[in-house]
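Notes follow the structure.
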Amino acid sequence: MLSKEDNELLTQTSAGTPGGDLLRRYWMPICPAAELTAEKPKRRVRILGEDLVLFRDGQGKLGLMAEQCPHRNASLYYGFVEDDGLRCPYHGWKFDAEGACIERPFEKNKDARLPECAKAYPAQALGGIIFGYLGPLPAPLLPRWENYVRKDGKRTITVLPVHHCNWLQAQENSVDPVHTYWLHAHILKSKGLDPRATAYFGRPIEAYDFDLCHEPTWSGIRKARVYGGDKPEREIGHPAIFPNILMNPQAGALVSHHRTPIDDKTTYIIWQEFWPSPDGKEVEQRDEDIPVTYLDHPKGADGEYDLSSFPAQDLMAWETQGAIADRSREMLGASDRGIVMWRRLLKEQIELVQQGKEPVGIIRDAALNDIITFHLSKGQMNLSLGAAAE
Ligand code: FES
Ligand SMILES: [Fe+2]
């Protein structure tokens with residue numbers, strides 16, 4: 001349970017709020033790279049409460065800037081993408097990817113370069129996804145997670161429907177080890193769907209534990225479970241990565257789930273999926289050839305959720321907690337210990353940023369960032385059904 005003040009602190013995302021300032025220290029996925037095409041090299045974007053335009057100029061450079069033109073505020077989204085920048089549709093002022101105004105037709109000194117004219121942010125593509133960084137410069141390195149850079153397999157991407165809830169509800173689920181039994185296995189079983197997943201997640205959970213990790217390239221929490229029943233198993237602890245990622249082994253793929261706040265009450269979720277070749281063979285795959293699947297929102301016209309899939313079941317749980325879950329009205333159990341740990345970590349990091357310090361999981365040393373691998377067998381946890389959460 002949190003005070004109303006702490007709940008606000010942990011869930012705010014806009015610029016100038018402590019939570020928003022923290023989230024701005026991390027690269028955020030914006031969309032699949034394939035969404036910018038030669039025919040339409042621009043896209044409207046809203047992240048962390050800011051309305052932006054993403055574009056790829058004629059030289060292939062990515063630009064991410066405030067949608068409203070600095071001249072008289074018309075939308076740059078309707079502008080013209082040119083070789084060296086984006087030209088406003090209203091009076092034709094042109095801005096490069098760094099936000100400098102490089103042309104003002106019908107003005108004196110029309111070609112004078114005016115730096116820092118439009119509000120622009122760094123953008124980079126990796127592994128088929130475009131990321132933006134909305135924080136103070138210099139930007140840290142974009143983390144090279146193994147699923148983004150490994151060559152011995154192929155990649156796919158899944159874009160989930162916009163979730164009508166705060167990002168933290170999705171992230172807290174990543175350290176919730178017991179929801180899989182009822183929300184996934186039991187619902188699927190009741191519908192006669194997916195017998196394999198039902199059998200896996202329908203086993204009784206006999207123990208669980210959480211491990212706070214501080215690695216040189218990431219921080220987060222590994223959760224692990226011990227299953228009983230006919231096929232007992234001690235599951236390897238896969239990590240939730242601070243602040244808004246889950247790294248998940250999923251049906252033969254290594255998948256990162258990213259939760260980008262659109263604003264305080266809506267969240268964009270994208271999965272980057274890497275499928276290792278069974279024989280370790282390298283696969284050539286250009287970014288634009290990575291297949292992207294878009295999932296529909298499962299809520300029907302009658303207001304009922306269709307709960308036939310894992311992502312739909314999670315979405316229902318997170319949205320029905322409320323647009324911003326009221327954590328002052330909770331009754332936590334022992335299985336929520338990971339969530340308590342996550343909130344504590346989040347609050348500590350918000351406070352660090354407020355003191356002018358760097359939060360965890362920021363990479364500035366290129367030598368650490370060649371490839372970030374996840375040793376999914378690491379971590380000796382002491383698994384038990386714990387005492388009540390704090
Ligand atoms: S409003 Fe953009 S050029 Fe005038
Ligand atoms: Fe789930």
Side-chain angles (χ1 to χ4, degrees), residues 147 156-161 163 165 169-210 221-240 245-259 269-276 278 291 293-300 302-321 332-339 374 376-377 381 383-386:
N147 49 316
T156 55
I157 291 169
T158 301
V159 177
L160 275 63
H163 284 49
C165 64
Q169 280 145 246
Q171 191 61 26
E172 287 184 338
N173 176 267
S174 298
V175 282
D176 176 341
V178 299
H179 80 280
T180 45
Y181 183 87
W182 290 103
L183 184 68
H184 297 307
H186 195 75
I187 289 180
L188 290 172
K189 191 174 168 195
S190 69
K191 292 176 174 296
L193 294 169
D194 206 341
R196 260 184 67 200
T198 304
Y200 188 92
F201 291 107
R203 293 174 294 174
I205 298 168
E206 295 189 335
Y208 42 74
D209 199 14
F210 310 91
I221 292 175
R222 288 176 188 271
K223 66 174 186 292
R225 288 169 277 225
V226 171
Y227 291 106
D230 295 347
K231 286 197 177 159
E233 184 195 4
R234 183 187 191 286
E235 198 181 54
I236 294 165
H238 56 274
I245 304 171
L246 171 68
M247 197 57 73
N248 198 27
Q250 216 163 289
L254 177 62
V255 182
S256 53
H257 298 204
H258 303 260
R259 292 80 187 235
I269 301 184
I270 187 165
W271 296 356
Q272 211 275 8
E273 301 142 347
F274 176 73
W275 304 83
T293 302
Y294 293 87
L295 303 185
D296 291 329
H297 196 282
K299 197 170 186 175
D302 59 359
E304 295 260 331
Y305 291 91
D306 173 354
L307 300 179
S308 306
S309 73
F310 261 64
Q313 293 151 3
D314 282 321
L315 178 149
M316 178 280 291
W318 306 340
E319 285 193 353
T320 57
Q321 286 178 304
L332 300 183
S335 57
D336 299 308
R337 192 164 69 85
I339 289 170
F374 292 90
L376 289 180
S377 60
M381 292 187 248
L383 294 145
S384 63
L385 287 175

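Residue numbers start at 1 and run along the sequence shown. Just so it is clear, the values below take in all heavy atoms, side chains as well, and ignore hydrogens, waters and symmetry mates.
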Polar contact flag, side-chain donor to acceptor under 3.5 angstrom, S256-Q272: no

Do you know which two heavy atoms are closest between Q171 and I245, and how far apart they sit? NE2-O, 3.0 Å

Taking the inter-plane angle between the rings of H184 and H179 on a 0 to 90° scale, is it parallel (under 30°), tilted (30 to 60°) or perpendicular (over 60°)? perpendicular

Just do the side-chain contact (heavy atoms from CB on, under 4.5 Å) check on L183 and M316 with the steps written out, would you? CA-CA 9 Å; L183 184 68; M316 178 280 291; 3.8 Å; yes

Roughly how far, to the nearest 0.5 Å, is CD1 of I221 from OG of S174? 10.0 Å

Does the distance from a Lys or Arg side-chain N to an Asp or Glu carboxylate O, for D230 and R203, drop under 4.0 Å? no

Partner of E319 under side chain to side chain donor-acceptor pair (under 3.5 Å), chosen from H163, K299, H297: H297

Flag side-chain contact, heavy atom, 4.5 Å: L193 against S308: yes

Spatial distance of atom CH2 (W271) from atom CZ (R259) [nearest 0.5 Å]: 9.0 Å

What is the minimum heavy-atom distance between G202 and Y181, and which atoms define it? O-CE1, 3.1 Å

Please tell me if the side chains of V178 and R225 come closer than 4.5 Å, counting only heavy atoms from C-beta onward. no

So do D176 and I339 actually touch side chain to side chain, heavy atoms under 4.5 Å? yes

With rounding to the nearest 0.5 angstrom, report the CG to NE2 distance, L254 to H238. 10.5 Å

Exercise: identify the closest heavy-atom pair between V255 and N147: C-ND2, 4.5 Å

Residue pair L307 / Q313: nearest heavy atoms and the distance that separates them: O-NE2, 2.9 Å

Quick one: are E206 and P232 in side-chain contact, heavy atoms under 4.5 Å? no

For Y200 and Y227, take the angle between the two ring planes, folded into 0 to 90°, and tell me which bin it lands in: parallel under 30, tilted 30 to 60, perpendicular over 60. perpendicular

Considering all heavy atoms, the nearest S335-P177 contact: O-CD, 3.6 Å

When rounded to the nearest 0.5 angstrom, what is the spacing between CH2 in W318 and CD1 in I269? 4.5 Å

What I'd like to find out is whether the side chain of L246 reaches to under 4.5 Å of the side chain of N173, using heavy atoms alone. no

Are side-chain heavy atoms of L188 and F201 found at a separation under 4.5 Å? no

Test item: Q250 and F310 side chains (from C-beta on) under 4.5 Å apart, heavy atoms: no

Which atoms form the tightest heavy-atom contact between W275 and A251, and what is the distance? CZ3-O, 3.1 Å

What distance separates Q169 CD from D314 CG, expressed to the nearest 0.5 Å? 12.5 Å

What I'd like to find out is whether the side chain of P161 reaches to under 4.5 Å of the side chain of L295, using heavy atoms alone. yes

Is a side-chain N or O of K223 found less than 3.5 angstrom from the main chain of Y208, in a donor-acceptor match? no

How far does CG of L160 sit from OH of Y294, to the nearest 0.5 angstrom? 12.0 Å

